[in-house]
There are 2 protein chains.
Amino acid sequence: MINSKIPQATAKRLPIYYRYLGILYNSGKKRISSTELAEAVKVDSATIRRDFSYFGALGKRGYGYDVKSLLDFFKKTLNQDKLTNVALIGVGNLGHALLNYNFHGSNNVRISAAFDIDDRITGTIQSGVPIYPMNEMKEQLVEQQIEVVILTVPSPVAQRVTDELVTAGIRGILNFTPLRVNVQDGVRIQNVDLTNELQTLIYFLNHVDQPQASTK
Amino acid sequence: MINSKIPQATAKRLPIYYRYLGILYNSGKKRISSTELAEAVKVDSATIRRDFSYFGALGKRGYGYDVKSLLDFFKKTLNQDKLTNVALIGVGNLGHALLNYNFHGSNNVRISAAFDIDDRITGTIQSGVPIYPMNEMKEQLVEQQIEVVILTVPSPVAQRVTDELVTAGIRGILNFTPLRVNVQDGVRIQNVDLTNELQTLIYFLNHVDQPQASTK
DNA sequence: GATATGTTGTGAAATAATGCACTTTATGCT
DNA sequence: AGCATAAAGTGCATTATTTCACAACATATC
């Protein structure tokens, strides 16, 4: 296993490559050049070659990359060769949509348990996933050996729930709440903030991509 | 209006600052130092000061930043002082959740129209938003002068729908599909890829934050 | 087998972002 | 009023990331 430093920026692009390689493979394509890939994933071809090179010499000069073996390589690298069970904390609006969202299918990840406080839904099974009450959270996470959770609780309780998750031995949190929660070292937070994304887009539209330059 | 170059990295942090300032203001706090802010938003204090300094001298040495005036400044900068109407394209799983998602409230953005092909829902009003059929999309977008859309259609139709959006004069797309869609110059895409986020998180867990170092 | 072609892998330059550490200046206390 | 303290603003070194441009090498062709 290549353990030497992979730049963060590279690591974040790996899933993009992986997904597109899957599409290519399904369409029957046998080989791909960095230039062709570049166009599809909107990343400069030199960046792609550099990214790949961190993992060794994956291509052949004058030929390109073999789709199948590159796909297999990234499958392993991204741990998509084995199933990862994750839990969903908070089955509200967004949580509910994520239960139905087809993570599994393009992705070897399964939501195997969900948790909520609302006793109208706890004890039921939604989209094939059992909903447990919050007071069973720690117990279930430990028992099911779940290390990754998706956090979609209301922000006022985000920190409290997070603390509980950490004591349950969780190592990664995909955080949909707008709060930058505190965790001890060794727990990884990946923030997804929909409001931010929208505001950033609007900011760029009004300040960078101005249709007519406004100097005043 | 400050028009000089604001670094991308800075621009992406502005909504984070803005949100936290709102929280501070509501809690009655009058002033804040960069160090204090740094802790809450998990950004180095020097980076915060640098970020702010691109917009001029917003603070007072020895005192810090005045919460109210900083909040007002960012409100203007992020165009949150006026309402932005956006459209939602594709009312499936995720789309439906976003209709209910409280963009409005912490955020001066309103979903004022939605579009779908399913004639069981077109013509109805969901969560206060009228759902139009796809063949009225262009017409409605032009008429309602909508420039920003949230794209939550199935990926096989993503490019086709995007082309239509561009001819309708759309300037910004918050793209939830996994495809890197093609648009002409001047149209901004902001990609949000939930599968990627999850895969990236899992990658980091297995390769960077290893609980016990595996050298082999 | 030699030659032409295509495309990788990478040294090195360019660009971008971060963060240290210090100067400057405002505030608040005595 | 003067002094101690706090914290912004910033020059600069460092680190990270991107991109150019080319040598190296595999493949295909004649």
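Protein atom CZ of A:F55 is 17 Å distant from nucleotide atom C1' of C:dT10, rounded to whole Å. When rounded to the nearest whole Å, the span between CD of A:E36 and C1' of C:dT7 equals 12 Å. A:L58 has its CG atom 17 Å from the P atom of C:dT7, to the nearest Å. Following rounding to the nearest Å, A:I32 (CD1) and C:dG6 (C1') show an atom-to-atom distance of 15 Å. Rounded to whole Å, the distance from CD1 on A:I48 to P on D:dC20 is 13 Å. Computed from coordinates, the B:D51 CG to C:dG19 P distance equals 11 Å when rounded to whole Å.
Residue contacts shown for A:F52 are absent, as no nucleic acid heavy atom lies under 4.0 Å away. Within 4.0 Å of A:S45, counting heavy atoms only, lies no atom of the nucleic acid at all.
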Anything under 3.5 Å between a protein N or O and an N or O of nucleotides 15-17 of chain D, put it in a table, one pair a line.
residue	atom	partner	partner atom	Å
D:dT17	OP1	A:A9	N	3.3

Encode nucleotides 20-30 of chain C as B, S and - characters from 5' to 3', where the letter depends on protein heavy atoms closer than 4.0 Å: B to the base, S only to sugar-phosphate, - to neither.
-> BB--BBBSS--
Taking only distance into account, with no hydrogens and no angle test, what donor-acceptor pairs under 3.5 Å do side-chain atoms of residues 81-92 of chain B form with protein atoms, sequence neighbours excluded?
residue	atom	partner	partner atom	Å
B:N85	OD1	B:R110	NE	3.1
B:N85	OD1	B:R110	NH2	3.0

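Under the 6.0 Å distance and 45° angle rule, B:R31 counts as a cation-pi partner of B:Y63.
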